[in-house]
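For reference, the structure discussed in these notes is given below.
This structure is a prediction, so every number in the text was calculated from the model and none was measured. Indexing begins at 1, ligand by ligand and atom by atom, following the structure's order.
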Amino acid sequence: MTEKDLSIGKRKSEHLKIVAEKDVSYIKSSLLECVHLIHCALPEVDFEKIRTETEFFGKLLRAPLMITSMTGGTEYARELNRSLAEISEAKGIAFAVGSQRVIYRHPETKKDFAVRKWIPNGVLLGNIGAAELVNYPINRVKDLISSIEADGICVHLNPAQEMVQSEGNRNYTGQLDAITELMEILDGRVLIKETGAGIDPYTLERLKKAGVKYIDISGAGGTSWTKVEMYRANDEKIKRAGETFSDWGLPTAFSIYAARMIMSDDVSVIASGGINSGLDVAKSIALGADVGGFARPILKAYLDGGIKKASLFVESLIYELKTAMLLTGVDNLKGLKNVPRVYTGELRQWLNSYGWLGEKED
Ligand SMILES: Cc1cc2nc3c(=O)[nH]c(=O)nc-3n(C[C@H](O)[C@H](O)[C@H](O)COP(=O)(O)O)c2cc1C
């Protein structure tokens, strides 16, 4: 491997280690605690008949959940991807591998991502950065998808993280054009995602124009990637910037609401960034999301107790999601989108600043 590619593998290993060992949570919250679903004391719902199936990338998920992109490009990552793929198949949820950038230069690393064997029926997605769309021939993205027999590909946006990486990208021009081109080439099989800093209304408007059909807002409130990079940095200036921007980003609840306000109804909105429980998933769906996603929470469960504990985490999410549905008196996801709710505190301020609640700001 060249030094640059070796550094991708090394960086990925450092990320895993820091995420596992350090406190890399945002100080600011997802603001999902400002969403109060109204309790129904007389639900008239049979728990066993609650339906959570949803369509995603042309397939049916048994529950509206997704393990979002994490890793690949190292031996440990291969084992992790395989285990997460197995869990996803068993539970009927979607799975995305981490950035496949390393494959461009070193096709032999493809095997770290090639987990179709362990998720034969489920939704499997690849991953690449928007920067790579600009720096490599765009047609090669097709190979990334076919090389792992994926249903589509996630394209990540991560300017805040890159700006606090010594080796990070500094030029962001041309990414929207590249995304627009990719949408045409792949016939819509593209999911645009952030990595924990949220997607703002202006970007949502432009992605809508580009014809994007799947969007993971990946907001602030869970893993802070500027914090992760702060722990990695050796350069004092970069370390300081990591600290300064450690709480940078749009709260997950605000970003979900924004996506639903701006994107058309046929766009799937994935809510991630600090999704820790089935109640978080239920609130996200009520706010307008179609699927709840999570990365670090399942990684931590896996590191703590392997496949067994990670599976239990997914089972808990499903049980809690269904419990929230029963307690709001609905037995399907369409009903959950429309349940009565109250928004309080800081979330109201965020929504009012865009005029979405029709209230005047104080
Ligand atoms: C160890 C780790 C590695 C990650 N690597 C990637 C990646 O390669 N590509 C990507 O799009 N997102 C990556 N992410 C970001 C997640 O997909 C997610 O957007 C973010 O961590 C917020 O979700 P969380 O609060 O549930 O962790 C990674 C997350 C973790 C925890």
Side-chain angles (χ1 to χ4, degrees), residues 8-9 11-26 28-32 65-74 76-77 80-81 84 94-103 109 112-113 125-133 144 152-162 165 168-169 190-199 214-229 231-232 248-253 255-256 270-277 280-281 284 289 291-303 310 313-314 317:
I8 298 176
R11 182 164 72 227
K12 283 307 223 180
S13 300
E14 286 174 4
H15 283 160
L16 273 175
K17 194 168 155 51
I18 292 169
V19 164
E21 293 174 3
K22 303 275 189 203
D23 176 6
V24 291
S25 300
Y26 272 90
K28 77 163 49 119
S29 86
S30 65
L31 295 188
L32 285 168
L65 300 175
M66 171 171 182
I67 301 177
T68 65
S69 298
M70 272 190 274
T71 200
T74 64
Y76 179 70
L80 180 66
N81 278 337
L84 296 178
F95 174 59
V97 297
S99 175
Q100 293 171 273
R101 171 181 169 184
V102 64
I103 300 180
T109 59
D112 302 337
F113 302 89
L125 301 177
N127 185 290
I128 195 69
E132 275 69 60
L133 297 186
L144 292 181
I153 192 155
C154 303
V155 174
H156 64 259
L157 315 175
N158 64 340
Q161 178 187 10
E162 299 266 347
Q165 264 179 5
N169 180 34
V190 178
L191 184 159
I192 304 294
K193 76 185 286 289
E194 236 290 343
T195 51
I199 303 189
Y214 296 90
I215 193 139
D216 178 352
I217 56 85
S218 199
T223 311
S224 161
W225 278 92
T226 39
K227 227 180 213 181
V228 174
E229 298 299 347
Y231 285 116
R232 267 189 74 233
W248 177 267
L250 305 168
T252 296
S255 209
I256 301 168
I270 297 93
S272 78
I275 301 294
N276 288 306
S277 72
D280 287 342
V281 176
S284 300
V291 169
F294 41 87
R296 186 171 50 125
I298 194 159
L299 175 66
K300 292 209 93 164
Y302 181 77
L303 295 174
F313 173 73
V314 176
L317 290 191

Going by the 4.0 angstrom heavy-atom rule, the piece of Ala96 near ligand 1 is neither
Atom 13 (C) of ligand 1 - nearest protein heavy atom and its distance: Ser69 O, 3.1 Å
Does Leu299, backbone or side chain, put an N or O under 3.5 Å from an N or O of ligand 1? no
So how far is it from Thr109 OG1 to Arg101 CZ, rounded to the nearest 0.5 Å? 12.0 Å
First locate atom CG of Asn127, then atom OG of Ser99, and finally report the distance between them rounded to the nearest 0.5 Å. 5.5 Å
Distance (rounded to the nearest 0.5 Å) between Thr68 OG1 and Arg296 CZ: 11.5 Å
Atom indices of ligand 1 within 4.0 angstrom of Phe294 heavy atoms, with elements: 26 (O)
What residue and atom, counting heavy atoms only, is the protein's closest point to atom 20 (C) of ligand 1, and at what distance? Thr195 O, 3.5 Å
State the atoms of ligand 1, each with its element, that fall below the 4.0 Å cut-off from a heavy-atom position in Pro297. 26 (O)
Heavy-atom donor-acceptor pair, Ser272 side chain to Phe294 backbone, under 3.5 Å: no
Any sub-3.5 Å donor-acceptor pair from Lys28's side-chain atoms to Leu250's backbone N or O? no
Atom 22 (C) of ligand 1: the protein heavy-atom neighbour that sits closest, reported with distance to 0.1 Å: Ser218 OG, 3.6 Å
For Gly98, take its heavy atoms, then give the atoms of ligand 1 lying under 4.0 Å from any of them. 8 (O)
Nearest-option assignment for atom 5 (N) of ligand 1, heavy atoms, candidates Met70, His156, Lys300: Met70
What are the atoms of ligand 1, with element, lying closer than 4.0 Å to any heavy atom of Asn127? 9 (N), 10 (C), 11 (O)
Would you say the side-chain atoms of Thr195 and Ser218 include a donor-acceptor pair closer than 3.5 Å? no
Out of Gly274, Gly293, Ser25, who is nearest to atom 25 (O) of ligand 1 when you count heavy atoms only? Gly274
Short question: side chain of Lys12, backbone of Gly72 - any donor-acceptor pair under 3.5 Å? no
Trp225 and His15 aromatic ring geometry - parallel, tilted or perpendicular at 30°/60° bounds: perpendicular
Using a 4.5 Å cut-off on heavy atoms from C-beta on, say whether the side chain of Val291 contacts that of Tyr214. no
Side chains of Asp216 and Met66, heavy atoms from C-beta outward: is any pair under 4.5 Å? no
What residue and atom, counting heavy atoms only, is the protein's closest point to atom 24 (P) of ligand 1, and at what distance? Thr223 OG1, 3.5 Å
I would like to know whether Glu229 and Arg232 meet salt bridge (Lys or Arg N to Asp or Glu O under 4.0 Å); could you show each step before the answer? CA-CA 5 Å; Glu229 298 299 347; Arg232 267 189 74 233; 2.6 Å; yes
Consider every N or O of Arg296 and every N or O of ligand 1, then say whether any pair is closer than 3.5 Å. yes
For the atom pair OG1 (Thr74) and CG (Asp112), what is the distance rounded to the nearest 0.5 Å? 6.5 Å
Ranked by distance from atom 29 (C) of ligand 1, the top protein heavy atom is Trp225 CZ2, 3.2 Å
Residue Gly222 vicinity, atoms of ligand 1 by number, heavy atom under 4.0 Å: 25 (O)
Please determine if Ala295 has a nitrogen or oxygen closer than 3.5 Å to a nitrogen or oxygen of ligand 1. yes
Please write down residue, atom name and distance for the protein heavy atom closest to atom 12 (N) of ligand 1. Lys193 NZ, 3.0 Å
Please write down residue, atom name and distance for the protein heavy atom closest to atom 8 (O) of ligand 1. Lys12 NZ, 2.7 Å
By number and element, which atoms of ligand 1 are closer than 4.0 Å to a non-hydrogen atom of Glu194? 19 (O)
